[in-house]
Number of protein chains: 2
Amino acid sequence: MVTIKDIARAAGVSPSTVSRVISNHSRISAKTSSKVKKIMEEMGYHPNMMAKSLVSKTTKTLAIMLPRPAEELFQDFFFGELLRGILTQSTPAGYDMLLTAATSPFDEKETVSRLVFGRRVDGVILLSARVDDPLITMLSEQQFPTVLIGRTDGSARILSVDNDNEQAAYDATRHLILQGHERIGFVSGPPNLTVALDRMAGYRRAMQEANLTVRADWIVEGEYLQNGGYRAMTFLMSLHERPSALVVIDDAVAFGVLHGLTELGYKVPDDLCIVSFNNIALSELASPPISSIDVGTYQLGYTASQMLIRLIQDPDSIYQQRIIIPHRLIVRESSLFSLRI
Amino acid sequence: MVTIKDIARAAGVSPSTVSRVISNHSRISAKTSSKVKKIMEEMGYHPNMMAKSLVSKTTKTLAIMLPRPAEELFQDFFFGELLRGILTQSTPAGYDMLLTAATSPFDEKETVSRLVFGRRVDGVILLSARVDDPLITMLSEQQFPTVLIGRTDGSARILSVDNDNEQAAYDATRHLILQGHERIGFVSGPPNLTVALDRMAGYRRAMQEANLTVRADWIVEGEYLQNGGYRAMTFLMSLHERPSALVVIDDAVAFGVLHGLTELGYKVPDDLCIVSFNNIALSELASPPISSIDVGTYQLGYTASQMLIRLIQDPDSIYQQRIIIPHRLIVRESSLFSLRI
DNA sequence: ACGAATTGAACAATCGATTGCACATAAAAG
DNA sequence: CTTTTATGTGCAATCGATTGTTCAATTCGT
């Protein structure tokens, strides 16, 4: 492996000069610079990033902390797009992304500690926000550059990028109400995720505002993945009074719901209308196509990465603690059955 | 930041002793060891990984080289599962994954060079195999630890994990033939991917073996993403002689095809049968559920990671250049319309 | 009990870069 | 034609670990 010393020797200069050529130091003559550069080219020199990091105390690497397995499944499709957003921003900015996942809930903190205190990364992007998330607390206490995609409960000072999930759910519910639905249910996800709480809240607000009753048995909570759709629907449709429309927390879950309904012989939107969240690529291709709140997934990732890099490079330029990515409702067939005349 | 020197000072020993405590050197007394460990615990010591890497010439990091944007879209859902497989293996093995994507086809080589020659990573997992892939050539020439998920054209000596895509496509096609179909088309992806070539070959073999004609206009090639489904179907169904069944290269594409057909008023499987590849989670939840070749996506990732780590740690233990993950056909409704009586 | 063998810990060099400081040499000022 | 300033490069310390070698203190064999 060719080092800076080899270059120095070949060029007849000192290692420091070579180093200065690389970093375009102002006191290097044009002649020396081009000579050294030529030799670097010829010998195929690539700086050893570990050595560089050691002295600069900077790794040009960010960690992406994936949610724990259980939650990862739920929202799988969402993440691809999110990662694309992150990478598209970070790569040109010169940062590499370390993709990390804890083996179990227990080593989650340890995993992050190793990276953070071991100075393996310059910053962290957290991908899943739980209520009382110990990771968030830790990172915020350490004042380690961190951006959270999602929301946390007020106390911790941490930068975040999020949607206005409460409003988004309000909009989704409102959309159904405006079409005359009064019996609207909510299919949620793991209740310890802040997203789930927020969307639930928005749903409730819209319902209350319209003087509609929120029935407890129309709210299906828990870790309903795609596969849970059938079970969930069997339950909902077995009720004496059934909802005529559903707000579903995630497109993948909506696929499950749709599938369950189809198996049970119900038609969407005729028998039941559905609005969902995240607007993954495939929801447009479902039958029927699923109405979904586009949360700007790509933007979410892109912005988080941008924010984190800025926080690292120029902390003072950060004036906004929390960035909200606008959402918008994409109406498709799954919610287009009006009960109004 | 607390360093090894701080620990040494606090414990009244030399830095080398602390280092040896960490690595469980045999010549360290139990007394010293426990004393030092206690202090490390108290002071919250975490070794600086950059310093460690510099001397050990090892980073405990692997790069995952994502396909270029255009190809990334195609197969988006497949990757999530693949990444899960990789991470599940690598994390407990003590390796971190660097997720890298080239900004453009042109800096692809440069991006990898930076990581490889800059000793940023110990190995590389390549996620997409193109015909005559320059990356593969480069890495194989450099003898840099690399595992390819997919196949390359013989010349380069490189470890790989793959499916028998030819056989898989043969099986898929055969499945349709056995149900009496004679007019079978093939919807492919970007033709410069080896997967596409292999699957096409298997399709042709099955057709020839059954003495069925492969009609050029029943083969839709090109970068048909999910969205291309409508266009592709409009074309296929406008033909005078139409296929009665299709082999589709990827589930996401199949979703597009399905959607296109539905929009045009055709029914699957009644009007057209479909078999596809990859068996992503959602294909079970499509309407109708899509028959798909399960390629063991998770296994693919898991095995690739395992193989790479072994290659790094103990090259001599590698006896197999190429590992084939078994596939299996999952028959669902989309292909369950028999033309046989 | 005395030399040999073993055990335990410190010294110092090393990994491959960066960077403050010193020191020539060249250009500008007086 | 000196003195001052600007310019270009080298020396050596440093980042935070690891590790071969040296050396002192114990333990062992006979």
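Here the structure is a predicted model, which is why all the values come from computation and not from measurement. In what follows, every chain begins at residue 1, and chains take the letters A, B, ... in the order their sequences are listed.
Here A/Lys57 reaches the OP1 or OP2 of D/dG16: one of its side-chain N or O atoms lies under 4.0 Å away.
Residue-to-nucleotide proximity on DNA chain C shows that, of B/Leu54 and B/Ser26, the 5′-proximal contact is made by B/Ser26.
Nucleic acid contact for B/Gly118: none, since no nucleic acid atom lies under 4.0 Å from a heavy atom of the residue.
A distance-only check finds no donor-acceptor pair linking the side chain of A/Thr146 to the backbone of A/Val124 [under 3.5 Å].
Under the 3.5 Å distance criterion, with hydrogens and angles disregarded, no donor-acceptor pair is assigned to the side chains of A/Tyr95 and A/Ser305. Using a 3.5 Å distance cut-off with no hydrogens or angles, the side chains of A/Thr59 and A/Asp122 do pair a donor with an acceptor.
Residue-environment remark: CD (B/Gln143) stays at or below the threshold of 12 foreign heavy atoms within 6.0 Å. Crowding of A/Glu110 atom CD: a count of heavy atoms from other residues, nucleotides or ligands under 6.0 Å not exceeding 12. Residue A/Arg310 qualifies as open at atom CZ: its count of foreign heavy atoms under 6.0 Å is 12 or below.
Remark: C1' of C/dA10 and CZ of B/Arg9 are 16 Å apart, rounded to the nearest angstrom. The CG-P distance, from A/Asp6 to C/dC15, rounds to 11 Å in whole Å.
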Quiz item: side-chain contact (heavy atoms from CB on, under 4.5 Å) between B/Met1 and A/Phe117: does it pass, once the steps are laid out?
Solution: CA-CA 8 Å; B/Met1 199 83 305; A/Phe117 296 112; 4.1 Å; yes
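Axis angle, first five pairs versus last five pairs of the helix from C/dA1-D/dT30 to C/dG30-D/dC1: 40°, rounded to 10°.
No salt bridge links B/Lys38 with B/Glu41; every basic N to acidic carboxylate O contact stays at or beyond 4.0 Å.
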Practice problem: For nucleotides 17-25 of chain C, just jot down a letter per nucleotide in 5' to 3' order: B, S or -, based on protein non-hydrogen atoms under 4.0 Å. | Solution: SSBBB----
